[in-house]
Amino acid sequence: RIDGPAGFWPGVVGWHGTSVDEEGTLQVAAHEYEGALLRCYQNGGGGWSAVSVGPSGSGYDPQLRTRAGRTYILHRTIAAWSSGPLRLASGPASGPWLLEDAIPAAPVGECSMAAGVSGALHLVYVRGDRTGLLYRRRDTAGVWTEEPITEAGAPRASAVAVDSTGGVFVVWHESAKGELWFAQKTGGVWTPELLHRHSGGNLGADCSIAWGNGLHVAYRNTVQNDL
């Protein structure tokens, strides 16, 4: 529970995301049901402070990343919370915040985000019709580029990680086939690689990847109820 002065947490909080910056400060991005607001909470110096990030109707399913003194919050709007375009809020945690379209085309399926050491953002998302997996990058000047990772199969969920040299690594489920896939970009080309296949079918829709002295992947197997 996050405590604070009266009125600090005025509404019921739903979706939220957390991150820790390079100085060890914890930040929380949360959607507040009352007013449908997106807020950023920061615990620095032993106390919590709150800043409104997005207008009414924003903040569904937020993902929060911090890098190079800036905070990035990827989120959906209330009008398109399940499959609509994604928006990005960026700025210092205390504001002011810049709001922009991160993935303007709809429908958009599951999406994941990572921040590189330079401050570049890396997004991986599933097309809303599940016909492919795409990679989208925002450089430090705010310019977006996009390219397909794979247009085969029917991906369900994905996760992305970035190493200290800027290398990008992706995992995703081909849930109907019971397969977990991995890809990295080498020489300008994405090379998919099958990591695991379960003969029992659906693996579920959860997976994650992290970099820290090597790559680490976690995923859920709903057939055997394993993690």
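For this chain, numbers begin at 1 and follow the sequence in order. As the structure is a computational prediction, the values presented were derived from the model and not from experiment.
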Handout entry: same_hphob_cluster(L194, L133) at 4.5 Å side-chain heavy-atom cutoff
Key = yes

Please list, one pair per line, the donor and acceptor atoms closer than 3.5 Å that link side chains of residues 114-122 to other protein atoms, with sequence neighbours excluded.
residue	atom	partner	partner atom	Å
S118	OG	A120	N	3.4
H122	ND1	Y135	OH	2.7

Is the shortest heavy-atom distance from the side chain of [X] to the side chain of [Y] under 4.5 Å?
{"X": "R136", "Y": "T145", "value": "no"}
{"X": "W97", "Y": "C40", "value": "yes"}
{"X": "T71", "Y": "L64", "value": "yes"}
{"X": "L180", "Y": "W172", "value": "no"}
{"X": "C111", "Y": "I103", "value": "yes"}
{"X": "R39", "Y": "V51", "value": "no"}
{"X": "L99", "Y": "L88", "value": "no"}

Practice task
Determine, step by step, whether V170 and W190 satisfy the side-chain contact (heavy atoms from CB on, under 4.5 Å) criterion, reporting the C-alpha distance in whole Å, the side-chain angles of both residues, the deciding distance to 0.1 Å, and the verdict.
Solution key: CA-CA 10 Å; V170 179; W190 288 98; 3.9 Å; yes

Practice task
Could you pull out all residues at least two apart from T165 that satisfy side-chain hydrogen bond (donor to acceptor under 3.5 Å, both in side chains)?
Solution key: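 With sequence neighbours excluded, T165 shows a side-chain hydrogen bond (donor to acceptor under 3.5 Å, both in side chains) to D163, given in chain and number order.
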
Handout entry: Residues that T140 engages under side-chain hydrogen bond (donor to acceptor under 3.5 Å, both in side chains), provided they are two or more places apart
Key = none

Return the set of residues passing salt bridge (Lys or Arg N to Asp or Glu O under 4.0 Å) with [X] (not counting sequence neighbours), or none when no residue passes.
{"X": "R70", "answer": "none"}
{"X": "D101", "answer": "R87"}
{"X": "R138", "answer": "E100"}

Practice task
Please step through side-chain contact (heavy atoms from CB on, under 4.5 Å) for the pair I73 and V53, ending with a clear verdict.
Solution key: CA-CA 9 Å; I73 305 175; V53 177; 4.2 Å; yes

Problem - Residues in side-chain contact (heavy atoms from CB on, under 4.5 Å) contact with Q184, at least two apart in sequence or another chain - result: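 Only F169, F182, T186 meet the side-chain contact (heavy atoms from CB on, under 4.5 Å) criterion with Q184.
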
Exercise for the section: Please name all residues satisfying side-chain contact (heavy atoms from CB on, under 4.5 Å) with P148, sequence neighbours left out, ordered by chain then number. Expected result: E151

Handout entry: Side-chain donor-acceptor contact under 3.5 Å, W181 with E179
Key =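 Short answer, yes.
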
Practice task
State which residue, out of L74, L123, V126, V124, fulfils the side chain to side chain contact (heavy atoms under 4.5 Å, CB included) condition with S112.
Solution key: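 Of all the options given, the one that passes is V124.
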
